[in-house]
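In the text below, chain A, chain B and the rest are named by the order of the sequence lines, each starting its count at 1. Small disclaimer: the values here were computed from a predicted structure and weren't measured.
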2 protein chains.
Amino acid sequence: MATIKEVSDLAGVSQATVSRVMNGNNKVSEINRERVMAAMDKLGYQPNSFAQALATNRSYSVGIVVGTLSGPFYGPMMHSIESVLRNEGQHLIATSGHDDLEQERDAIRFLNSRRVDAILLVVQAMGDDELIEMCQRNPNIFVLNRYVPELANRCIYLNNELGGYLATKHLIDLGHTKIASITGPLVHLDARERLQGYRNALNEAGIEYDAQLVVEGLYQEDGGNKAAAKLFQRDVEFTGVVCGNDNIAIGVYDILSLDNESPAERISVVGYDDMFYSRYLRPKMTTIRFPIEEMGTIAANMVLQNLSNVDLVKGVQLEPQLIVRESSAPPVG
Amino acid sequence: MATIKEVSDLAGVSQATVSRVMNGNNKVSEINRERVMAAMDKLGYQPNSFAQALATNRSYSVGIVVGTLSGPFYGPMMHSIESVLRNEGQHLIATSGHDDLEQERDAIRFLNSRRVDAILLVVQAMGDDELIEMCQRNPNIFVLNRYVPELANRCIYLNNELGGYLATKHLIDLGHTKIASITGPLVHLDARERLQGYRNALNEAGIEYDAQLVVEGLYQEDGGNKAAAKLFQRDVEFTGVVCGNDNIAIGVYDILSLDNESPAERISVVGYDDMFYSRYLRPKMTTIRFPIEEMGTIAANMVLQNLSNVDLVKGVQLEPQLIVRESSAPPVG
DNA sequence: TATTCCCGTGAAAGCGCTTTCTCTTAATAT
DNA sequence: ATATTAAGAGAAAGCGCTTTCACGGGAATA
C-alpha cells in the first residue's frame with residue numbers, strides 16, 4: 001500500500017501538502033492540489049487510518065456491544081445506527097457480548113483499545129453499578145434499551161410500562177376480564193416494567209390481580225413454549241394472554257395449535273416488540289410495536305451531537321404503540 | 001487514557017520492557033513482569049491498538065461487507081464469523097453495502113484504509129471482473145455465497161443447483177407432476193443455479209419443462225407476493241411450487257390465504273434457505289436448508305489459516321439439505 | 001520605494017507503540 | 001583465575017500520518 005511519502009514524492013511536494021489536500025485544507029494552491037490528486041489516483045493511495053487516528057487521536061468510528069450479531073432485534077438496530085453514522089463519515093464496529101458478563105467486559109475492553117470515539121451499550125449481564133462507574137470515566141458511552149436513573153441523560157429506552165399497559169388495556173377493551181401474563185425474566189427491568197403496565201391496566205379496570213395468571217418465561221426461542229405450557233397446565237381460566245415478547249407469544253401459538261386451536265378463537269394473544277416476522281404468522285399477531293430503528297437513529301445522532309461538543313445530550317424515552325392484527329378478538333360466550 | 005510511557009515510568013522500567021510483557025515475550029525477569037503488571041492494573045492501561053497496528057502492520061481485525069446488517073440471512077453469518085474470530089483474538093468490522101455498487105466499493109475502501117488483515121465479501125452488486133481484479137491485488141480477500149470460477153479457491157458457496165434439485169425432487173416424489181417455480185432475480189447466479197436444479201429434477205423424471213410455470217421474482221419482502229400473484233394469474237395448472245427463497249414462499253402462503261387456502265391442501269410449497277422464522281409459519285414450511293452458520297465458520301477459519309501463512313486455502317462448496325415440514329403433501333385427487 | 005501582511009509551503013516534532021541493536025551483568029566453561 | 005556465553009534491559013529508530021512553526025515571496029499599504 002502506498003504511503004503519503006510516495007504520493008508526495010511523485011507529486012513533487014511535501015507530505016504536509018498532501019495531508020492538506022486530503023483534509024480539505026484550503027491553503028493549497030490549485031496547481032499543487034491537482035498534482036497531488038493525480039499522484040494519489042495513480043498510486044491508488046488509501047490513507048492509513050491507524051496513522052491518522054494516532055496523529056489526531058480520533059478514530060472516526062463508534063463501537064457497539066450487542067447481545068448477538070444475529071437475530072431480529074439487534075439487526076435492525078445496528079442497521080439504522082450504521083446508516084446515520086456512515087452518512088457522517090463515521091463507522092460502526094460491532095461486537096457481541098452474548099449476554100455474558102465476561103464477554104461484555106471483553107468487548108468493551110476491545111472497543112476501548114480501538115479508541116472508538118464513542119461506545120453504544122446494549123448489554124444485559126452487566127450490573128448498573130459497573131455501568132455507572134464506566135460512564136463516569138468515559139463521557140462518550142451511551143446505554144440503549146435500558147434505563148439507569150443515575151445515567152438518565154445517557155439512556156435511550158422504551159416506556160415499557162406503557163407497552164404493558166396498552167397490551168392489557170386492549171384486551172380489556174375487547175371485553176376480556178380473565179387475562180394472563182407471561183413475562184420475560186424478571187431479573188430484567190424491562191420485564192418488570194411490562195408486568196407493571198399489565199397490573200396498572202388491570203387496576204384501572206377494577207380487575208383483581210391474580211398471581212396464578214402470571215408466569216415468568218424466557219425471551220428466547222422455546223423459553224416461550226415452556227412458559228406457555230406452564231400457564232396452560234395451571235388450573236385457571238383465562239381468555240387472553242399478554243406476552244413479554246413476540247417469541248413468547250409464538251410459544252402460545254404453538255401450544256394452542258397442539259389442540260388444533262388458533263389464537264383469537266378461544267384465547268386472544270398479544271405479543272410485544274413487533275419483530276418483522278410477526279406479520280408472517282397466521283393469524284397475524286396483535287402486538288406492541290417497539291421502534292427499534294428509531295432507537296438506533298436517535299442513539300447515533302446522540303453520539304454525533306456529543307462528539308461535536310454540543311454537550312447538551314439528554315436521554316430519550318420512546319413510546320411503544322399497539323398494533324392490532326388478528327390474534328386478539330372479543331372473548332366468546 | 002494511560003500510555004505505555006506512564007506505565008513504564010510507574011513501574012520503573014523502559015517502554016521496551018512494558019511492551020515485552022504485553023506481548024508475552026519471555027525475556028523479562030519475573031520481578032519486572034510483576035511490577036509492570038501492577039502498574040498496568042493501577043492505571044487501567046489499555047494499549048492503543050492504532051499505535052500497535054501502525055508499528056506491527058497488523059490490525060488483528062477482519063472486515064466484512066454484507067448486504068445489510070439486519071435481516072435473517074447476514075445476521076447468523078456474521079454471528080458465527082465473529083465467534084470464531086473472537087476466539088483467536090481477531091475482531092470483526094462489519095459494514096454494509098446495501099446491494100449498491102457504490103456503497104460496496106465505499107465499504108471496501110473503508111476496510112482497506114482500516115488495514116484489516118482480511119476482507120470477507122458478501123456482495124451482489126459488484127461484477128465478477130472487479131472482484132477478480134481486487135482479489136489479484138489482495139490475497140486476503142474471500143468471497144462468500146458466490147462462485148467465481150477464476151477465484152475458485154477464495155470462494156465459499158452453496159451448491160445451489162443441488163438445492164433446486166432436492167426441492168423439486170421432493171415434490172415429484174410426493175407425486176406431483178405439475179410443478180411451478182418462482183425464482184429469484186435471474187441476474188444472480190444463485191437464482192439461475194436453483195432454477196437449473198429444478199430443470200434437472202424435472203428432466204430426470206421425464207417431465208417436460210414448461211416456461212409458463214416459471215416466473216421470476218425478487219428475494220426481498222413483497223417481491224415474493226407479486227411474483228406469486230403473477231403465477232396464479234396465469235392460466236396454468238399446478239399442484240406444487242418451488243420457491244427461490246423463503247420470502248417468496250411466504251408470498252405464496254399469502255396468496256393462498258386470500259382464498260382461505262393453506263399450503264399443502266391444494267398446492268404444496270417448498271421454500272429455500274430455511275430462515276429461522278420458517279418454522280414459525282403455519283403450516284411449518286418445507287424448505288431447503290442453507291447452512292449459513294457453517295459458511296461463516298468456514299470462512300472465518302479460512303481467513304485464520306490464510307493469515308498464519310499456511311497458504312493452502314481452498315474454496316469450499318457447501319451442500320444444502322431438504323427439510324420436510326408441513327407445507328408439502330401429495331397432490332389431491 | 002520601503003514596510004507590512006498574507007498566503008502557500010516545507011521541515012520537523014509528535015502521536016503510542018514495536019523491535020533491533022547495544023550494553024551490562026551474571027552464569028558457565030576452561 | 002580468566003574467557004565465553006547467555007539473559008535481561010534500555011536507547012532509539014521507525015511505522016504513516018497531522019500540525020505547528022518558520023520562512024520566502026508577492027500583493028497591498030503607506
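At least one side-chain nitrogen or oxygen of B:Asn23 sits closer than 4.0 Å to the OP1 or OP2 atom of C:dT18. In terms of phosphate contacts, B:Thr17 brings a side-chain nitrogen or oxygen within less than 4.0 Å of OP1 or OP2 of D:dG10. A sub-4.0 Å separation between OP1 or OP2 of D:dC17 and a side-chain N or O of A:Tyr45 is present. Distances shorter than 4.0 Å separate none of the side-chain N or O atoms of B:Ser29 from OP1 or OP2 on D:dA7. Using a 4.0 Å cut-off, no side-chain N or O of A:Thr56 falls inside it from OP1 or OP2 of D:dC17. Distances shown here put every side-chain N or O of A:Asn48 at or beyond 4.0 Å from the OP1 or OP2 atom of D:dC15.
Rounded to an integer number of Å, the gap from A:Gln46 CD to D:dG16 C1' is 14 Å. Atom CG in B:Asp9 sits roughly 12 Å away from atom P in C:dC17 (whole-Å rounding). Taking atom NZ of A:Lys27 as the reference point, atom P of C:dC6 lies 10 Å away to the nearest angstrom. When rounded to the nearest whole Å, the span between CZ of A:Arg33 and P of C:dG8 equals 10 Å. In this structure, B:Asn32 atom CG and D:dG8 atom P are separated by 10 Å, rounded to whole Å. In this structure, A:Tyr60 places its OH atom 10 Å from P of D:dT18, rounding to the nearest Å.
In this structure, of D:dC15, C:dG10, C:dT9, it is D:dC15 that holds the atom nearest to the side chain of B:Leu54.
A salt bridge does not link A:Asp190 to A:Arg146: none of the charged side-chain nitrogens sits closer than 4.0 Å to a carboxylate oxygen.
With 3.5 Å as the limit, one finds no donor-acceptor pair spanning the side chains of A:Asn112 and A:Arg109. Under the 3.5 Å distance criterion, with hydrogens and angles disregarded, no donor-acceptor pair is assigned to the side chains of A:Arg33 and A:Thr17.
Not a single donor-acceptor contact under 3.5 angstrom links the side-chain atoms of B:Arg115 to the base of D:dG16.
If you check every strand for non-hydrogen atoms under 4.0 Å, B:Val28 touches sugar and phosphate atoms only.
Among residues two or more places apart in sequence or in another chain, the side chain to side chain donor-acceptor pair (under 3.5 Å) test is passed with A:Asn301 by none.
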